[in-house]
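Everything numeric in this text was worked out from a predicted model, so none of it was measured. Note on naming: letters A, B, ... go to the chains in the order of the sequence lines (proteins, then strands), and numbering restarts at 1 for each one.
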Number of protein chains: 2
Amino acid sequence: MGQKPTLQSLASSLGVSRQTISNVLNNPQIVQASTRDRVLAEIRASGYRPSAAARSLRSRRSQVIGLRIRPAVDGINGSVMDAFLHALVECAQRRDHRLLLITASGDEPETTEQGALHTAGAIDGCVLTDTHLDDTRPAALAAAGVPFVAFGRPWQDRPAAHSWIDIDGAAGTRTATEHLLGLGHRRIAFLGWPAGSGVGDDRRAGWRQAMAQSGVTAEDLAAGALDQRTADGVVEGTQAMDWARRAGATAAVCASDSLAVGASTLLRRTTDAETARTAVVGFDDTPVAAALGLSSVRQPVAAAASRVVDLLIDRLTTPETDARPVPVQDLLEPELIPRQFDRRLDPTSP
Amino acid sequence: MGQKPTLQSLASSLGVSRQTISNVLNNPQIVQASTRDRVLAEIRASGYRPSAAARSLRSRRSQVIGLRIRPAVDGINGSVMDAFLHALVECAQRRDHRLLLITASGDEPETTEQGALHTAGAIDGCVLTDTHLDDTRPAALAAAGVPFVAFGRPWQDRPAAHSWIDIDGAAGTRTATEHLLGLGHRRIAFLGWPAGSGVGDDRRAGWRQAMAQSGVTAEDLAAGALDQRTADGVVEGTQAMDWARRAGATAAVCASDSLAVGASTLLRRTTDAETARTAVVGFDDTPVAAALGLSSVRQPVAAAASRVVDLLIDRLTTPETDARPVPVQDLLEPELIPRQFDRRLDPTSP
DNA sequence: CAAGTCGATTGGATCGATCAAATGCCGAGA
DNA sequence: TCTCGGCATTTGATCGATCCAATCGACTTG
C-alpha cells in the first residue's frame, strides 16, 4: 500500500463507482446488501478513511463543536468543569462529532473567535459555559449566525431565544437544608458568595426557601446568610464558619466545596466540643469533599453534557429550511450525597 | 452581503486573481505593498475567512492537534493537567493551530483513534500525556506515521526515538528535601505511591539522593519511605503521616499535594505539640495547598506545554523530504514554593 | 537594440469527497 | 409486445482553497 486510499482508488479496485462507496458510508440502506458487504470488507481491509477536509468542503459541515476553556482559578471547583468537559467529548464522539478548544481573554474575544471559526467552517456550532448576568455572548453569536447551546441559564429577566441546560442549584441547597432540618438543626447558616452572581444567588435562594417553609423564626434566619466579600475559597470558608458559629449556627449549607472544606477545617481544629459537632454540607461533590467525608450536593454533570450535545447536534442536523426551532430550556435536579459530616443535632445542647 | 465571500468573489470584486489574494494571506512578502494593502482592506471590510476545509484539502494540513483527555480521578491533581491543557491551547493558538479532544478507554483505543483522525486528515499530529512503563503508544503512533510529542518521558530503559518534554520530579523532591535539611530536620519521611509508577519512583529517588548526600544515618533513612499500597489520596496521606510520626520523622516530603493535604490534616488535628510542629512539603502547588499554607513543588507546566507545542509544530512544518529529525528530549526544573508549613526543627526537641 | 533577468501576477489543474441528475435494469401491467 | 415505475448504480459538476507553470511588464546589460 503506497498511497492513502481514496474513494476513487477504492472504487476502481472494486469495480464500482465512487458514489456507491459514498452511499455505503452515508446512506447504507439504499445500497444492495451484497455490494454493501463487499465494499465494507474492502474498506476495512484497506484501512480507508474518508478525508475530513473533502467531506467538510462539500457537505458544508465539519462535525466539530467549539468550546472555550478557562484556566481553573480554583482547583477544587475546576473538577466540575473537568467532568463536564469529559462528558461533552464522550457524548459528542458517540454522535460522530469532535470538540475543538479555544481560549479567549474575555467574552467578546470569545464570540469573535467562535464566529471566525464558524465562518471558516472549522466548527459547526459551539457550547457556551459560565453564563452570567449581562452576558453578551448569546446575542453576539445569534447575530453572527453561530448555532449554540448554553450550559447555564441566562440570568437575565427576559426569556432567552436560545436553548440551554442548567442545574437547579436552588433545588440542591433546598434539599441540603431540608436534610439538615430533618436531623434536628434549626439554626442553619448559609455560607455563600457575594450577591450578584447568578449561581450564588440561586443557591442562597434554595436555602432561604427551605428555611422559610420549615417555619424557623426570623431570628434563626437572620443568623444565617454569610456572604463573603472576597472570592470563593478554602480560607474564606474557615472564616465564615467561625462567624456562623459565633452567631449560634449548629449547621451550615455551603455554596461550594471550597467553602465547605474551609469550614470543616475549622471544625476539625477546634477544641470546643460543641463546635466540633457542627454539621456541614458542601456543593459539587468534589473528590476532596469525598475524601474528607463531607456531605455534598452532586450536580448531574454528565447528564447535562449529554443533553447539551444532543440539543446542539439536533439543531445542526435539522435542515435550515424549517421554521425557527423552538428553544429547549431545562433545569436538571442535583442529588445530595450524605456522608459522616451530617451530624445530628445533640438534643442536650441548648 | 448575501453569500459568504470566497477567494473567487473577493478576487473579481477587486479585479485581481484568486492567487494574489491567497498570496497576501500566505506569502505576503511576494506581493507588492500597494496591492497587498488594498486586498487586506477588502478582506477586513468583507469579513472574509478562508475556508478551513478547502485549505486543508489542498494543502494537506489541518492545523489541528489531537489530545486525549481522561477523567480526573483526583480533583486535586487534576488541576495540573488542567493547567497543562489550558497552556497547550493557548500556545497552539498563538501558532495558528487548534486542539481537538478525544476520549478513549485505553492506550490501544487511543492510538487507534488518533491514527484514524490522522489518516482522515482531521489532525496533523498529537500530544501524548501520562506516559508510563511499557507504554505501547509511541511505537504504535510511529508505526501509523502519526507525528507526536510526549509530555512525560518514556520510562523504559532504552532511549526513545521520539521527542518528549518532562518535569524533573527527582530534582523537585531533592530541592524540597534539601530545604527541610536546611531547616534543621534530619528525620525526613517520604510519603509516596507504591513502587512501579515511573513518576512516583522518580520523586522518591530525589528524596533518597538528597538524604544520602546530606550524610544522614542509615537509621534516619530507614524511617523514611512510606509508600502507600493504595492509590494517591487525602486519606492515605493522613495515615502515612501518622506512621511517619510514630517512626520519629519531624518532617515529610510528599509525592503529591493530595498526600500533603492529608498529612497536614493530621497535624492540624493533633493535640501533641511536637507532632503539630512537623513540617510538610507537597508536590504540584495546587490551589488547595496554597490555601492551606502548604509548601509545595511547582511544576513549570506552562513552559512544558509551550515546548511541547513548539516541538510538535516544528516537526509538522518541516518538509518530510529532510532527513529523519533528531528527537529533542528535555527535563524542566520544578521550583519550590515555600509557605508557612516549612517549620524549623525546634532545637529543644529530642 | 535585442536578449536576458527578475518580480508581480495570472490561469489551469487538483485535492477528495458529496450533490443532483441521468442511466441502465428489471418486472408488472395494459 | 411495449411502456412505465422504481431501484441500484453511475456520471458530471461542484465545494474553495493551494500548487505549479506560464505570462507579463519593467529594468538591466552586453
K.L.:
Using atom CG of A:Asn26 as one end and atom P of C:dA20 as the other, report the distance to the nearest whole Å.
P.N.:
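Rounded to the whole Å, the gap is 13 Å.
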K.L.:
Is any side-chain N or O of A:Gln19 under 3.5 Å from a base N or O of C:dC19, one able to act as donor and the other as acceptor?
P.N.:
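In this structure, the two groups form a donor-acceptor pair.
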K.L.:
Does B:Ser17 place a side-chain N or O at less than 4.0 Å from the phosphate oxygens OP1/OP2 of C:dT10?
P.N.:
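Result: yes.
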K.L.:
Counting heavy atoms from C-beta on, name the nucleotide in C:dT10, D:dC15, C:dG16 closest to the side chain of B:Thr20.
P.N.:
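Out of C:dT10, D:dC15, C:dG16, the nucleotide with an atom closest to B:Thr20's side chain is C:dT10.
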K.L.:
Taking only side-chain N and O atoms of B:Asn23, does any of them lie within less than 4.0 angstrom of OP1 or OP2 on C:dA8?
P.N.:
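It does not, given that no N or O in the side chain of B:Asn23 lies less than 4.0 Å from OP1 or OP2 of C:dA8.
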K.L.:
Taking only Lys NZ, Arg NE, NH1 and NH2, and the carboxylate oxygens of Asp or Glu, determine whether A:Asp107 and A:Arg68 approach each other closer than 4.0 Å.
P.N.:
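Looking at A:Arg68 together with A:Asp107, the answer is yes, because their closest N to O distance falls below 4.0 Å.
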K.L.:
Rounding to a whole Å, what distance do you find between A:Gln63:CD and C:dA17:P?
P.N.:
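Rounded to whole Å, this separation is 15 Å.
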K.L.:
Please give, in whole Å, the distance from C:dT9 P to B:Leu7 CG?
P.N.:
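After rounding, the reported distance stands at 15 Å.
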K.L.:
Return the 5'-most residue of the pair A:Ser34, A:Arg18 with respect to DNA chain D, ranking by each residue's nearest nucleotide.
P.N.:
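Comparing both residues, the 5'-ward one is A:Ser34.
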K.L.:
Quick check: any donor-acceptor pair below 3.5 Å linking the side-chain of A:Arg58 to the base of D:dT14?
P.N.:
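Yes, the side chain and the base share a sub-3.5 Å donor-acceptor pair.
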K.L.:
Pick the closest DNA chain C nucleotide for B:Thr35 and for A:Pro5 by heavy atoms, then say which residue is nearer the 5' end.
P.N.:
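Closest to the 5' end, via its nearest nucleotide, is B:Thr35.
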K.L.:
Could you tell me whether the phosphate oxygens of D:dG16, OP1 or OP2, come under 4.0 Å of any side-chain nitrogen or oxygen in A:Arg60?
P.N.:
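Checking D:dG16 against A:Arg60, a side-chain N or O does come within under 4.0 Å of OP1 or OP2.
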K.L.:
Would you mind reading off the distance between A:Leu10 atom CG and C:dA17 atom C1', rounded to a whole angstrom?
P.N.:
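The distance from CG of A:Leu10 to C1' of C:dA17 comes to 13 Å, rounded to the nearest Å.
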K.L.:
Output the rounded distance in Å from CZ (B:Arg61) to C1' (C:dC15).
P.N.:
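Taking atom C1' of C:dC15 as the reference, CZ of B:Arg61 is at 14 Å.
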K.L.:
Under a 3.5 Å threshold, yes or no: a donor from one side chain and an acceptor from the other, between B:Ser62 and B:Asp124?
P.N.:
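B:Asp124 and B:Ser62 do have a side-chain donor-acceptor pair below 3.5 Å.
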K.L.:
Please state how far atom CD1 in B:Ile21 lies from atom C1' in C:dT9, giving the value in whole angstrom units.
P.N.:
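Interatomic distance, CD1 of B:Ile21 to C1' of C:dT9: 12 Å.
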K.L.:
Between A:Asp314 and A:Arg95, is there a salt bridge with N-O shorter than 4.0 Å?
P.N.:
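A:Asp314 and A:Arg95: salt-bridged.
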K.L.:
Mind telling me whether B:His162 and B:Phe148 have parallel, tilted or perpendicular rings, with 30° and 60° as the class edges?
P.N.:
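Ring orientation of B:Phe148 relative to B:His162: tilted.
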K.L.:
Identify which one of A:Asn23, A:Thr20, A:Val31 satisfies the side chain to side chain contact (heavy atoms under 4.5 Å, CB included) criterion when paired with A:Arg36.
P.N.:
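Looking at A:Asn23, A:Thr20, A:Val31, the match for A:Arg36 under the side chain to side chain contact (heavy atoms under 4.5 Å, CB included) is A:Val31.
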K.L.:
Could you state the atom-to-atom distance from CD1 of A:Ile30 to C1' of D:dT9 in whole Å?
P.N.:
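After rounding, the reported distance stands at 9 Å.
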K.L.:
Less than 4.0 angstrom between a side-chain N/O of A:Arg49 and OP1 or OP2 of C:dG16, yes or no?
P.N.:
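No, A:Arg49 has no side-chain N/O under 4.0 Å of OP1/OP2 on C:dG16.
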K.L.:
Return no unless some side-chain N or O of B:Gln32 is found under 4.0 Å from OP1 or OP2 of C:dT9.
P.N.:
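So the side-chain polar atoms of B:Gln32 do come within 4.0 Å of the phosphate oxygens OP1 or OP2 of C:dT9, strictly under.
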K.L.:
Can you figure out which of D:dC15, C:dA17, C:dT18 approaches the side chain of A:Leu57 most closely?
P.N.:
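Selected nucleotide (nearest to the side chain): D:dC15.
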K.L.:
What is the separation between atom CZ on B:Arg55 and atom C1' on C:dG16, rounded to the nearest whole Å?
P.N.:
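My rounded result for the distance is 18 Å.
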